[in-house]
Amino acid sequence: MMDNRKMKLTIRGTQSGFGQEECTEVTTVADYFQKEKVHYLFYKEITEDGGEIRNRLTIRKGQVELRKDGNGRSVLEFCPGQNKNCHYQSPAGMLELLSDTRKLDFHHDAQGIRLTLDYSFYAQGTLLSDYHLVVTGQFLKG
C-alpha cells in the first residue's frame with residue numbers, strides 16, 4: 001500500500017565550524033510518499049540567485065539520502081556508524097565529501113514526520129563543519 005499526501009515541511013539547520021555558527025530555516029510544501037517502510041519527500045527550494053533546486057529525501061530504517069538536482073547534482077548519504085562518500089555541487093564546483101553521522105532519529109505518525117540528524121562533513125580528511133538538522137513535516141488537510 002502506498003501513502004501519498006502533501007505536507008508543510010520545515011527544515012532547520014545549524015552549521016558550526018571555524019569558530020562560528022550559522023543557522024538556517026526553510027519552510028516549503030512537500031509531496032510525501034510512503035511505500036512499504038520507505039518514506040520519500042519531494043520538495044523544491046529557491047537559491048539566492050533565483051534558481052530552483054529539486055530535492056528528494058529518502059528515509060529508510062537507519063539511513064537517509066538527500067538528492068539535489070538543479071545547478072548540478074548532489075547526493076548526500078547519512079548512516080550512523082558508517083562513513084559515506086557524498087558528492088555536493090557547490091558554487092565553486094563539485095566537492096567530494098565524507099559524511100560521519102552521529103545521530104539519526106526518525107518518527108512518523110498520523111500528523112506528520114520528524115527527522116533529526118547530527119553529522120559532520122570531511123574533505124580530504126579535514127573536518128569542514130558539524131551540522132545539526134531537524135526536518136519536521138505536518139500533513140495538510142484535504
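- By the side chain to side chain donor-acceptor pair (under 3.5 Å) test, R54 pairs with no residue at all, sequence neighbours left out.
- Through direct or indirect side-chain contacts shorter than 4.5 Å among Ile, Leu, Val, Met, Phe, Trp and Tyr, Y122 is connected to L98, L127.
- Annotation for R56: atom CZ counts as buried by contact number, over 12 foreign heavy atoms lying within 6.0 Å.
- A distance of 9.5 Å separates CG of L117 from OG of S99, quoted to the nearest 0.5 Å.
- In this structure, K68 and Q89 have side chains that are not in contact, with every pair of non-hydrogen atoms separated by 4.5 Å or more.
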### Task
List the steps, then state whether side-chain contact (heavy atoms from CB on, under 4.5 Å) holds for Y32 with Y40.
CA-CA 6 Å; Y32 168 87; Y40 302 92; over 6 Å; no
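- When all heavy atoms of P80 and G62 are compared, the closest pair comes out as CD-O, 3.5 Å.
- The closest side-chain heavy-atom distance from L76 to E65 is not below 4.5 Å.
- Sorted by first and then second residue, the ring pair (Phe, Tyr, Trp, His ring centres under 6.0 Å) pairs with a member in residues 91-113 read H39-F106, H39-H108, F106-H108; sequence neighbours excluded.
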Would you be so kind as to tabulate the donor-acceptor pairs closer than 3.5 Å made by side chains of residues 130-138, with sequence neighbours excluded?
unit_1 : atom_1 : unit_2 : atom_2 : d
D130   : OD1    : S120   : OG     : 2.4
Y131   : OH     : Q15    : NE2    : 3.4
H132   : ND1    : D118   : OD1    : 2.4

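- In terms of heavy atoms, R5 sits closest to A110 at NH1-O, 3.9 Å.
- With contacts defined as side-chain heavy-atom distances shorter than 4.5 Å, the pair R60/K37 does not qualify.
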Residues 18-30, side-chain donor-acceptor partners within the protein, below 3.5 Å, at least two apart:
unit_1 : atom_1 : unit_2 : atom_2 : d
E25    : OE1    : R12    : NE     : 3.1

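- Transitive grouping of hydrophobic side chains (ILVMFWY, heavy atoms separated by less than 4.5 Å) brings F33 and V38 into a common cluster.
- Of the candidates R67, K44, E45, E45 is the only one forming a side chain to side chain donor-acceptor pair (under 3.5 Å) with N55.
- To the nearest 0.5 angstrom, C79 atom SG is 11.0 Å from D100 atom CG.
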### Task
Show your working on side-chain contact (heavy atoms from CB on, under 4.5 Å) between L104 and T116 and close with a plain yes or no.
CA-CA 6 Å; L104 187 163; T116 303; over 6 Å; no
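- Classified by interplanar angle (parallel below 30°, tilted 30° to 60°, perpendicular above 60°), the ring pair Y119/F121 is perpendicular.
- Here the CG-CD1 distance, from L9 to I113, works out to 6.0 Å after rounding to the nearest 0.5 Å.
- With sequence neighbours left out, the salt bridge (Lys or Arg N to Asp or Glu O under 4.0 Å) criterion links D69 to R73.
- Under the 4.5 Å side-chain heavy-atom criterion for grouping Ile, Leu, Val, Met, Phe, Trp and Tyr, L66 is connected to L95 within one hydrophobic cluster.
- Taking hydrophobic clusters as Ile, Leu, Val, Met, Phe, Trp and Tyr residues chained together by side-chain heavy-atom distances below 4.5 Å, Y43 does not share a cluster with I53.
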### side-chain contact (heavy atoms from CB on, under 4.5 Å) between Q63 and E77, worked out
CA-CA 7 Å; Q63 182 180 0; E77 293 186 70; 3.5 Å; yes
### Check against side-chain contact (heavy atoms from CB on, under 4.5 Å), L41 and M7
CA-CA 9 Å; L41 291 109; M7 68 173 24; 3.3 Å; yes
